[in-house]
Asker: 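For reference, the structure I am asking about is given below.
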Amino acid sequence: MSKKEGRKLAGSEWRHVENKQLVYTIYFLLRLVVILILVAQFFNKNYENALLCILTLVLFMLPSAFERRLHIDLPDTLEIIILLFIFAAEILGEIQSYYITFPYWDTMLHTINGFLCAAIGFALVDILNREERISLSLSPFFMAVVTFCFSMTIGVLWEFFEFSMDHLFLVDMQKDTIINTISTVNLDPNHGTAAVVIQGITDVILLLEDGTQMPLGLGGYLDVGIIDTMKDLFVNFIGALVFSFIGYFYVKSRGKGSFVLRFIPHKLLTPPKENTSEIAESDVKKMEE
């Protein structure tokens, strides 16, 4: 490869700095919508939702911040999905109550989250695997395993966060589930480990400290979080497994296939410069190798 060709190829390594019109357009539109919602929430004196809007605006800046700070390139498809994911989770899910209006909204987001976290985990391992200064050489199978474990760990940590928020601040991030059958050893008359099954539950009545009875009127027993948590982990498992499977064959074929490249961040050879034609000779040499 000639030095001229090397410079051209190396210059494409920071394409995200010079030419991301679609990403910038989507970022601008989503940011504009969030700002309008933020203003509306302030006028409505709904300060909790206003804080969610501010959090969303901060989260929108993270992908670009990570690109600049870590000198990596987020593919356009991945960055757009991340922006849409943040908007769908915080604005549509929380403020517009899509989590309640659409029962499978949370399931969809957790599935996507498993897929995205697997893509990020795969990229981290792949970058380390290619780094000459680091003694790491994982087979495609072990790269897939590490990718899967990384995604599942993020999913578990998120469920820890939801549980902590619910118990410390009495919010309901772990959305409850209405069920009509329970099985519990707490009702065993012999105080043993025999599970007592109760079916056909149509309502639950709460007896408060002052003697007041409060029928919930929900049509069943109120499961507090556990079913939602297990469902979230299961769909995260599916998303992580799908990308780990794809990543395995990507490594086996060593980069053949444009689909996976749309989701895998990669490290820039050098930090972006104001003049991309000024490429260090060492970078060109790396490209030639």
Asker: Asp223 and Asp176: which non-hydrogen atoms are nearest, and at how many Å?
Answerer: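 Distance-wise, the nearest heavy atoms are O-CB, 3.1 Å.
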Asker: So how far is it from Trp105 CH2 to Leu109 CG, rounded to the nearest 0.5 Å?
Answerer: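 One gets 6.5 Å once the value is rounded to the nearest 0.5 Å.
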Asker: Would a distance-only check, ignoring hydrogens and angles, find a side-chain to backbone donor-acceptor pair under 3.5 Å from Ser183 to Val197?
Answerer: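 Absent.
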Asker: If you count the non-hydrogen atoms of other residues, nucleotides and ligands that lie under 6.0 Å from CZ in Phe60, is the total more than 12?
Answerer: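 Enclosed.
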Asker: Answer yes if Phe237 and Trp158 sit in the same cluster of Ile, Leu, Val, Met, Phe, Trp and Tyr residues linked by side chain heavy atoms under 4.5 Å apart, and no otherwise.
Answerer: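 Different clusters: Phe237 never reaches Trp158 through Ile, Leu, Val, Met, Phe, Trp or Tyr contacts under 4.5 Å.
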Asker: Measuring only between side-chain heavy atoms, which start at C-beta, is Phe148 closer than 4.5 Å to Val145?
Answerer: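 No, every pair of side-chain atoms sits at 4.5 Å or beyond.
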Asker: Could you check whether any side-chain N or O of Asn46 sits under 3.5 Å from a backbone N or O of Gln41, counting only pairs where one atom can act as donor and the other as acceptor?
Answerer: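 Answer holds: no.
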Asker: Please check if the side chain of Lys175 supplies one atom and the backbone of Asp172 the other of a donor-acceptor pair under 3.5 Å.
Answerer: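 It does hold such a pair.
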Asker: Answer yes or no: is there a side-chain heavy-atom contact under 4.5 Å between Val33 and Ile91?
Answerer: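 Contact flag for Val33/Ile91 side chains = no.
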Asker: How far apart are the closest heavy atoms of Pro75 and Leu261, and which atoms are they?
Answerer: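 In this case the closest contact between Pro75 and Leu261 is CG-O, 3.3 Å.
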Asker: Is the shortest side-chain heavy-atom distance between Ile205 and Leu216 below 4.5 Å?
Answerer: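 A side-chain contact is absent here, since even the closest heavy-atom pair is not under 4.5 Å.
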Asker: Membership question, hydrophobic clusters at under 4.5 Å side-chain separation (ILVMFWY): are Val235 and Phe161 in the same one?
Answerer: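 No, it is not one cluster - the side chains of Phe161 and Val235 are not joined through contacts under 4.5 Å.
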Asker: Verify whether the ring centers belonging to Tyr24 and Phe28 lie closer than 6.0 Å.
Answerer: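 Ring-ring flag for Tyr24/Phe28: false, centres at least 6.0 Å apart.
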Asker: Is the shortest heavy-atom distance from the side chain of Leu218 to the side chain of Val204 under 4.5 Å?
Answerer: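 Leu218 vs Val204: side chains apart.
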Asker: Answer whether the closest heavy-atom distance between the side chains of Thr111 and Val242 falls below 4.5 Å.
Answerer: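 In short, these two side chains do not touch, never coming nearer than 4.5 Å.
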Asker: Rounded to the nearest 0.5 Å, what separates atom CD in Glu90 from atom OG1 in Thr56?
Answerer: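 It is 4.5 Å, given to the nearest 0.5 Å.
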Asker: Evaluate side chain to side chain contact (heavy atoms under 4.5 Å, CB included) for Thr181 paired with Ile201, printing each intermediate quantity in order.
Answerer: CA-CA 6 Å; Thr181 301; Ile201 302 173; over 6 Å; no
Asker: Do you see a donor-acceptor pair shorter than 3.5 Å between the side chains of Gln174 and Thr229?
Answerer: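 Yes, side-chain donor-acceptor contact under 3.5 Å.
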Asker: Can you tell me how far apart CZ (Phe85) and CG (Leu78) are? Round to the nearest 0.5 Å.
Answerer: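 One gets 12.0 Å once the value is rounded to the nearest 0.5 Å.
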Asker: Taking the inter-plane angle between the rings of Tyr250 and Phe122 on a 0 to 90° scale, is it parallel (under 30°), tilted (30 to 60°) or perpendicular (over 60°)?
Answerer: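 Perpendicular, since the angle between the ring planes exceeds 60°.
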Asker: Could you give the distance from CD1 (Ile127) to CD1 (Ile264), rounded to the nearest 0.5 Å?
Answerer: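 Interatomic distance, Ile127 CD1 to Ile264 CD1, rounded to 0.5 Å: 10.0 Å.
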Asker: Would you call the rings of Phe163 and His167 parallel, tilted or perpendicular, taking 30° and 60° as the class edges?
Answerer: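 Geometry flag for His167 against Phe163: tilted rings.
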Asker: Does a sphere of radius 6.0 Å around CE in Met230 hold more than 12 heavy atoms from other residues, nucleotides or ligands, not counting ones at 6.0 Å or beyond?
Answerer: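 Result for CE/Met230: open.
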Asker: Mark yes when over 12 heavy atoms from residues, nucleotides or ligands other than Tyr99 sit less than 6.0 Å from its OH; otherwise mark no.
Answerer: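 Buried by this count: over 12 neighbours within 6.0 Å.
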Asker: Starting from Leu55, can I reach Ile37 by hopping between I/L/V/M/F/W/Y residues whose side chains sit under 4.5 Å apart?
Answerer: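 Yes, it is one cluster - the side chains of Ile37 and Leu55 are joined through contacts under 4.5 Å.
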Asker: Which pair of heavy atoms, one from Ala119 and one from Pro265, lies closest together, and at what distance?
Answerer: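 In terms of heavy atoms, the two residues are closest at O-CD, 4.1 Å.
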Asker: Rounded to the nearest 0.5 Å, what's the gap from CD1 on Ile86 to CG on Leu92? Could you check?
Answerer: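 Ile86 CD1 to Leu92 CG: 12.5 Å, rounded to 0.5 Å.
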Asker: Are Ile112 and Leu62 connected in the hydrophobic side-chain network, where two residues link if heavy atoms are under 4.5 Å apart?
Answerer: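 Yes, it is one cluster - the side chains of Ile112 and Leu62 are joined through contacts under 4.5 Å.
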Asker: Where is the tightest heavy-atom contact between Asp203 and Gly217, given as atom of each residue plus distance?
Answerer: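 Taking Asp203 first and Gly217 second, the nearest heavy atoms are OD1-N, 2.8 Å.
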Asker: Evaluate the side-chain proximity of Leu57 to Arg31: yes if any heavy-atom separation is below 4.5 Å, no if none is.
Answerer: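 Sidechains of Leu57 and Arg31: in contact.
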Asker: Hey, could you give me the CG/CD distance between Asp73 and Glu67, rounded to the nearest 0.5 Å?
Answerer: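 Going from the CG atom of Asp73 to the CD atom of Glu67 covers 5.5 Å.
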Asker: Using the rule that Ile, Leu, Val, Met, Phe, Trp and Tyr join whenever any side-chain heavy atoms are under 4.5 Å apart, tell me whether Met108 and Leu116 fall into a single cluster.
Answerer: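 The answer is yes; both residues are in one hydrophobic cluster.
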Asker: Taking Thr212's backbone N and O only, do any of them form a donor-acceptor pair with Asp210's side chain (distance below 3.5 Å, no angle check)?
Answerer: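 Between the backbone of Thr212 and the side chain of Asp210 there is a qualifying donor-acceptor contact (under 3.5 Å).
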Asker: With a 4.5 Å limit on heavy-atom distance, are the side chains of Asp228 and Asp106 in contact?
Answerer: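 Yes, at least one pair of side-chain atoms sits under 4.5 Å.
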Asker: Do Met143 and Ser244 pass the side chain to side chain contact (heavy atoms under 4.5 Å, CB included) test, and can you show the C-alpha distance, the side-chain angles, and the key distance before you say yes or no?
Answerer: CA-CA 8 Å; Met143 286 188 65; Ser244 298; over 6 Å; no
Asker: I need the minimum non-hydrogen distance between Phe243 and Thr147, along with the two atoms involved.
Answerer: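 For Phe243 and Thr147, the tightest heavy-atom pair comes out as CD2-CG2, 4.2 Å.
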Asker: Under 4.5 Å between any side-chain heavy atoms of Asp166 and Leu170, yes or no?
Answerer: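 With C-beta onward as the side chain, the pair stays apart.
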Asker: Go through the steps for Leu83 and Tyr27 under the test side chain to side chain contact (heavy atoms under 4.5 Å, CB included), then give the verdict.
Answerer: CA-CA 7 Å; Leu83 294 174; Tyr27 173 80; 4.0 Å; yes
Asker: Please walk me through it: do Glu162 and Asp232 pass side chain to side chain contact (heavy atoms under 4.5 Å, CB included)?
Answerer: CA-CA 11 Å; Glu162 287 189 346; Asp232 291 346; 4.2 Å; yes
Asker: Kindly give the heavy-atom pair with the smallest separation between Gln213 and Leu207, and that separation in Å.
Answerer: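 Minimum heavy-atom separation between Gln213 and Leu207: CG-CD1, 3.8 Å.
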Asker: Quiz question: by atom type and distance under 3.5 Å, do the side chains of His110 and Asn236 form a donor-acceptor pair?
Answerer: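 No, no side-chain donor-acceptor pair sits under 3.5 Å.
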